[in-house]
Number of protein chains: 2
Amino acid sequence: MSYTYSHPRPSVTVDACVFGVDAGALKILLIRRAQPPFKGSWALPGGFVQMGESLEESARRELSEETGFAPAYLEQLYTFGDVKRDPRGRVISVAYLALAKLAEAKAASDADEARWWALDELPDLAFDHGEIIRMAKKRLRAKVRYAPIGFDLLPRQFSLVELQALYEILLGRGVDKANFRKKVLGMGLLKDTGKHSDAVRPARLYEFDAAEYERLSRRGFNFEL
Amino acid sequence: MSYTYSHPRPSVTVDACVFGVDAGALKILLIRRAQPPFKGSWALPGGFVQMGESLEESARRELSEETGFAPAYLEQLYTFGDVKRDPRGRVISVAYLALAKLAEAKAASDADEARWWALDELPDLAFDHGEIIRMAKKRLRAKVRYAPIGFDLLPRQFSLVELQALYEILLGRGVDKANFRKKVLGMGLLKDTGKHSDAVRPARLYEFDAAEYERLSRRGFNFEL
DNA sequence: CCAAAAGTGTTGAAACTACACCCATGG
DNA sequence: CCATGGGTGTAGTTTCAACACTTTTGG
């Protein structure tokens, strides 16, 4: 490294918005802060980026350390850099959006310092984390319509009724059953597993066919619901 | 500032991808680097974030200093943080996507150290700027379809033929004239200025009605082309 | 056979596509 | 009156939305 500069530098953190669906509602994973500032407040899991790790590695590490959790889906959301967003000084935060499958979500929900909160009953939040969550929610609700990321919120095998319920939660409105099914199956992205749920009337279980999605995408296909 | 930490910190920079349309092609504004590393190479305009300015302010300042240019549109694109992306050490870059109106684009193109390049004839680029440009181009081509940002690439007043030509460039394919017009005018976002171009047969000139777009957006309207 | 939940068919309206055509102006 | 480019109209097809309907299972 032959060139080095010495100048005042901001700190850089990562914060993760982990969403999950449980009990018919969209939830987000928060931790209680053990250190000042905002000691005792709820906040997004996250922390300082270390010199030897990429941003995404940093997000995964912090998530694992603070919640013991490895998300099914992780994408960069936005970088928040207002001068006064952190009372400790200049701290720039790279926010990530993550999705968790329902079963795993429940497993992690027992911890004392990390719990799931329904999005319409959030506690007071540290820093500008309220704003970050608003943006993450907006991104999720928009993106679920043109990218096959909803499947990362469901178990690997799911029924069409479950998938429809998920979309109704995310979109915030009811969906016509017959039309939803025709559209979803018409895309040819769901593999019939041959299995059935054990409901009153057993429902066919499907799997998302990621390989087929890749193939179709390369040929110009666009997911849309 | 009662809490302060002392720990190794990355540097943070901003880089801007400024797009413009000229001579029927999509172009991007690059500068020639005067300092090492990559001295003499072409690169995105940008530089170090200062402690007292937000990220967007920083992007506007660097753009102004290096190209004398204030973009019509500016949005954050993505943050690049691979450990080895800069030979000087750990440098995280927040990339911005900017759009410039054609007339202003031409004005700035005379400078020696800043010039416009067609996207299919780019020179060798410093750092990971090639990757940043690829992502910016992808975002622009996708976003122009569901957000009214194409207008920021045209003069304030424009004919439908010009608008169509713009979309054909951005989408990379031909568009049916009659259908394009019906769709665009049907949205009710264009104000007829009453003026005409001075072509062989004078064309009606329109303006994008930003206020009306705001109004419709709040009522659930979604731009789409 | 009844309740509950899974799964389907039909139809009219709306949107999209392709393509042919007409119109205004300068030379 | 012709070339150039601006500006429609229409018809066939596909997609969409609404809604009523049938099927399977447990009790």
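Model, not experiment: these values are computed from the prediction. Protein chains get the first letters and strands the later ones, always in sequence-line order, with residue 1 at the start of each.
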Enumerate the residues from residues 180-200 of chain B whose closest heavy atom to DNA chain D is under 4.0 Å, giving them by residue number; use none for an empty result.
-> B:Arg181, B:Lys182, B:Val200

Salt-bridge present (A:Arg134, A:Glu131; N to O < 4.0 Å) = no

Taking CG from B:Leu225 and P from C:dT17, how many angstroms apart are they, rounded to a whole number?
-> 11 Å

Do the ring centers of B:Tyr78 and B:Phe80 come within less than 6.0 Å of each other?
-> yes

Exercise answer: donor-acceptor pairs, residues 171-178 of chain B side-chain atoms, under 3.5 Å, sequence neighbours excluded:
{"residue": "B:Asp176", "atom": "OD1", "partner": "B:Ala178", "partner atom": "N", "Å": "3.1"}
{"residue": "B:Asp176", "atom": "OD1", "partner": "B:Asn179", "partner atom": "N", "Å": "3.0"}
{"residue": "B:Asp176", "atom": "OD1", "partner": "B:Asn179", "partner atom": "ND2", "Å": "3.3"}

Under-3.5 Å donor-acceptor pair between A:Arg201 side chain and C:dA6 base = yes

DNA chain C nearest-nucleotide lookup for B:Glu224 and B:Ala178: closer to the 5′ end is B:Glu224

Tell me the stems DNA chain D sits in, counting at least three consecutive Watson-Crick or G-U wobble pairs, each under 3.5 Å on both distances.
-> C:1-27 with D:1-27

Which ring pair (Phe, Tyr, Trp, His ring centres under 6.0 Å) pairs, counting each pair once, include a residue from residues 161-184 of chain A, with sequence neighbours left out?
-> A:Tyr167-A:Phe180

A:Arg139: what forms a side chain to side chain donor-acceptor pair (under 3.5 Å) with it, not counting sequence neighbours?
-> A:Glu75

Quickly work out the A:Leu160 CG to C:dA5 P distance and round it to whole Å.
-> 17 Å

Could you tell me the separation between the CG atom of B:Asp176 and the P atom of C:dA15, rounded to a whole number of Å?
-> 17 Å

Return the value, rounded to whole Å, for the distance between atom CZ of A:Phe158 and atom C1' of C:dA6.
-> 16 Å

Contacts of A:Glu66 that satisfy side chain to side chain donor-acceptor pair (under 3.5 Å) - sequence neighbours left out = none

Residue pairs passing the salt bridge (charged side-chain N to carboxylate O under 4.0 Å, His left out) test where at least one lies in residues 195-211 of chain B, sequence neighbours excluded | B:Asp192-B:Arg204

Positional range of nucleotides in DNA chain D within the contact set of chain A, heavy-atom, under 4.0 Å | D:dC16 to D:dG26

Which residues share a side chain to side chain donor-acceptor pair (under 3.5 Å) with A:Ser93, sequence neighbours left out | A:Thr13, A:Asp15

What pairs with A:Asp128 under side chain to side chain donor-acceptor pair (under 3.5 Å), at least two apart in sequence or on another chain?
-> A:Arg85

Across all chains, not counting sequence neighbours, the ring-ring contact (aromatic ring centres under 6.0 Å, His included) partners of B:Phe158 are B:Phe151

5' precedence on DNA chain D between B:Lys177 and A:Asn179 (nearest-nucleotide basis) = B:Lys177

Non-neighbouring partners of A:Ser217 that pass side chain to side chain contact (heavy atoms under 4.5 Å, CB included), sequence neighbours left out | A:Tyr213

